K.L.:
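Would you mind keeping the following structure in view while I ask a few things?
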Amino acid sequence: MNKSPAARKPELPPVTPSTRQNGALTQPTAQPEQARHEKVPLAELASREWVTGLIAGNFILALALWLPPALGYSSNAPTPGGTYAPWVFGPVQVLLRWMSPLLGGVLVPVLGLFSLVSLPYLARKQAWRLAGFLFWAFYLAVIVLMAYFFVGH
Amino acid sequence: MAGASLTPEVHPRRNFWTHLRPYRVYASAIRFSHTLCLGGLSFLAFLILVVTGVLLLFQYLPGVDRAFAAVTAIDSVFPFGRLFRALHFWAGQIMVLTVFLHMGRVFYTGSYRPPREMNWIIGVGLLVLTVVLDFTGYLLRGDQEALAAATIGANLMREIPGVGSALASIFFGDVSGGGATLPVYIWHIVGLPMIIGLLIGLHFWRVRKDGIRRPL
């Protein structure tokens, strides 16, 4: 869909003409649709970014102070009985318990990513249900496998 | 569910920076909402990762024998070393989490649909690279778990028919003694952050170009 920027621009509501009141030009109260297109200076955005950044930064700092990451044993030490993948690879580790390395470690994750990449093209063909099914199947599978991984951990 | 599409206004001095940071922005686009602007939070986590990562670079040494000793020294000897490593660790976990949740929000609001398909694909790429960045950071600890993870990761990569062994050598190097090899180190501190940084810039540029879709 190579639309020109002008074609993509939303249609603005008709502008209500200014009215003269008490010797000055006044604008009538903004309607909700007009309020959606109201603009503010960049400083407003920057100040909100700073506030959000400070809150989120303090949250990460609190995690770092209260829950510092542990370090295991040296790789020269005797191998322990069982090892666990980092949590981000928990779903893959669960799949590897049930499937062959090629299937659970390569093909299924690659197919999952391929389904994500295909979503805009399904949307272009207006296959909304298939797109929704593929995405939520992927998303929920990751969450369920992650939960399974943590329970097993 | 579906929000309105808003395009940036054209102003006279237009360049890449003013495109990303226009002089005036839509008031509705900067309103705090229940979706927490997760893309922005993941970018903040990336910035924290870069800053703390650069500080850790001054003390860290890659190598099968040296990595674990270097991380132990960072934790126990160097001033604030443990704090910087903990910040680096948690920023990495938060980044993975927020990128994943951000993807859910983008799909939920229909922002993956045309004309935003290219940005969706860039976002999927960023998700994959973020997970790989987290994985390489895990390997650089140089402990037993990193060794096990590197061995599994390299063996899985070798399962790819044809090019698997070559890819494993390029990405992991020789992981028989540990995960903190020189290739993993280079990918973690140079290759992946550079690619992620470029893709983030492109991602933000496309967000402005295609118009913001609320809630953020």
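Only a predicted model underlies this, so the values are computations on that prediction, with no experimental measurement involved. Any value given below was found using the heavy atoms of this structure, including those in side chains, with hydrogens, waters and symmetry copies removed. Proteins come first, then strands; the chains are lettered A, B, ... in the order of their sequence lines, and each starts at number 1.
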K.L.:
Any chance you could lay out the side-chain contact (heavy atoms from CB on, under 4.5 Å) test for A/Leu116 and B/Tyr112, step after step, and finish with the verdict?
P.N.:
CA-CA 10 Å; A/Leu116 290 182; B/Tyr112 68 99; over 6 Å; no

K.L.:
Can you tell me which portion of A/Val117 sits under 4.5 Å from chain B's heavy atoms? Options are side chain, backbone, both or neither.
P.N.:
both

K.L.:
Show me the pairs that pass side chain to side chain donor-acceptor pair (under 3.5 Å) and involve residues 154-167 of chain B, at least two apart or across chains.
P.N.:
B/Asn155-B/Arg158

K.L.:
Need one label for A/Val142: side chain, backbone, both or neither, based on atoms under 4.5 Å from any heavy atom in chain B.
P.N.:
side chain

K.L.:
Would you mind reporting whether A/Phe89 and B/Ile152 have side-chain heavy atoms less than 4.5 Å apart?
P.N.:
no

K.L.:
Non-hydrogen atoms of chain A under 4.5 Å away: do they reach the side chain of B/Val124, the backbone, both or neither?
P.N.:
side chain

K.L.:
Applying a heavy-atom distance below 4.5 Å, give me the residues of residues 126-134 of chain A that approach chain B, sorted by number.
P.N.:
A/Trp128, A/Ala131, A/Gly132

K.L.:
Given heavy-atom pairs under 4.5 angstrom as the criterion, report whether the side chain, backbone, both or neither of A/Ala70 touches chain B.
P.N.:
backbone

K.L.:
Please report the closest heavy-atom contact between A/Lys39 and B/Arg24, naming both atoms and the distance.
P.N.:
O-NH2, 3.0 Å

K.L.:
Counting only non-hydrogen atoms closer than 4.5 Å, does A/Glu44 touch chain B with its backbone (N, CA, C, O), its side chain (CB onward), both, or neither?
P.N.:
both

K.L.:
So which heavy atom on A/Leu102 is nearest to which on B/Pro161, and how close?
P.N.:
CD1-CD, 4.5 Å

K.L.:
Would you mind listing every side chain to side chain donor-acceptor pair (under 3.5 Å) that reaches into residues 70-81 of chain B, with sequence neighbours excluded?
P.N.:
B/Asp75-B/Arg85

K.L.:
Taking every heavy-atom pair that is under 4.5 Å apart, which of A/Leu63, A/Thr52, A/Leu65, A/Val110 has the most such pairs with chain B?
P.N.:
A/Leu63

K.L.:
Using non-hydrogen atoms only, which part of B/Ile74 is less than 4.5 Å away from chain A: side chain, backbone, both, or neither?
P.N.:
neither

K.L.:
Please state whether the side chain, the backbone, both or neither of B/Leu156 comes within less than 4.5 Å of a heavy atom of chain A.
P.N.:
both

K.L.:
Please examine the side chains of A/Leu61 and B/Trp90, heavy atoms only from C-beta on, and report whether any two atoms are closer than 4.5 Å.
P.N.:
no

K.L.:
Using the six-membered ring wherever Trp is involved, compare the ring planes of B/Phe100 and A/Tyr139 and label them parallel, tilted or perpendicular (cut-offs 30° and 60°).
P.N.:
parallel

K.L.:
Suppose we call two aromatic rings close when their centres sit under 6.0 Å apart. Are A/Trp136 and B/Phe107 close by that rule?
P.N.:
yes

K.L.:
Please give me the minimum heavy-atom distance between B/Val96 and A/Trp87, naming the atom from each residue.
P.N.:
CG1-CH2, 3.8 Å

K.L.:
What I'd like to find out is whether the side chain of A/Ile60 reaches to under 4.5 Å of the side chain of B/Phe89, using heavy atoms alone.
P.N.:
no

K.L.:
Non-hydrogen atoms of chain B under 4.5 Å away: do they reach the side chain of A/Leu96, the backbone, both or neither?
P.N.:
side chain

K.L.:
I need the single residue from B/Glu117, B/Met118, B/Arg113 that forms a side-chain contact (heavy atoms from CB on, under 4.5 Å) with A/Pro120. Which is it?
P.N.:
B/Glu117

K.L.:
Report, in residue-number order, which members of residues 45-52 of chain B are under 4.5 Å from chain A by heavy-atom distance.
P.N.:
B/Ile48

K.L.:
Relative to chain B, which segment of A/Ala43 carries a heavy atom at a distance below 4.5 Å: side chain, backbone, both, or neither?
P.N.:
neither

K.L.:
Are more than 12 heavy atoms from other residues, nucleotides or ligands located less than 6.0 Å from atom CH2 of A/Trp66?
P.N.:
no

K.L.:
Can you say whether B/Met157 sits under 4.5 Å from chain A via the side chain, the backbone, both, or neither, judging by heavy atoms?
P.N.:
neither

K.L.:
Among B/Ala91, B/Ala69, B/Gly104, which has the most heavy-atom pairs under 4.5 Å with chain A?
P.N.:
B/Gly104

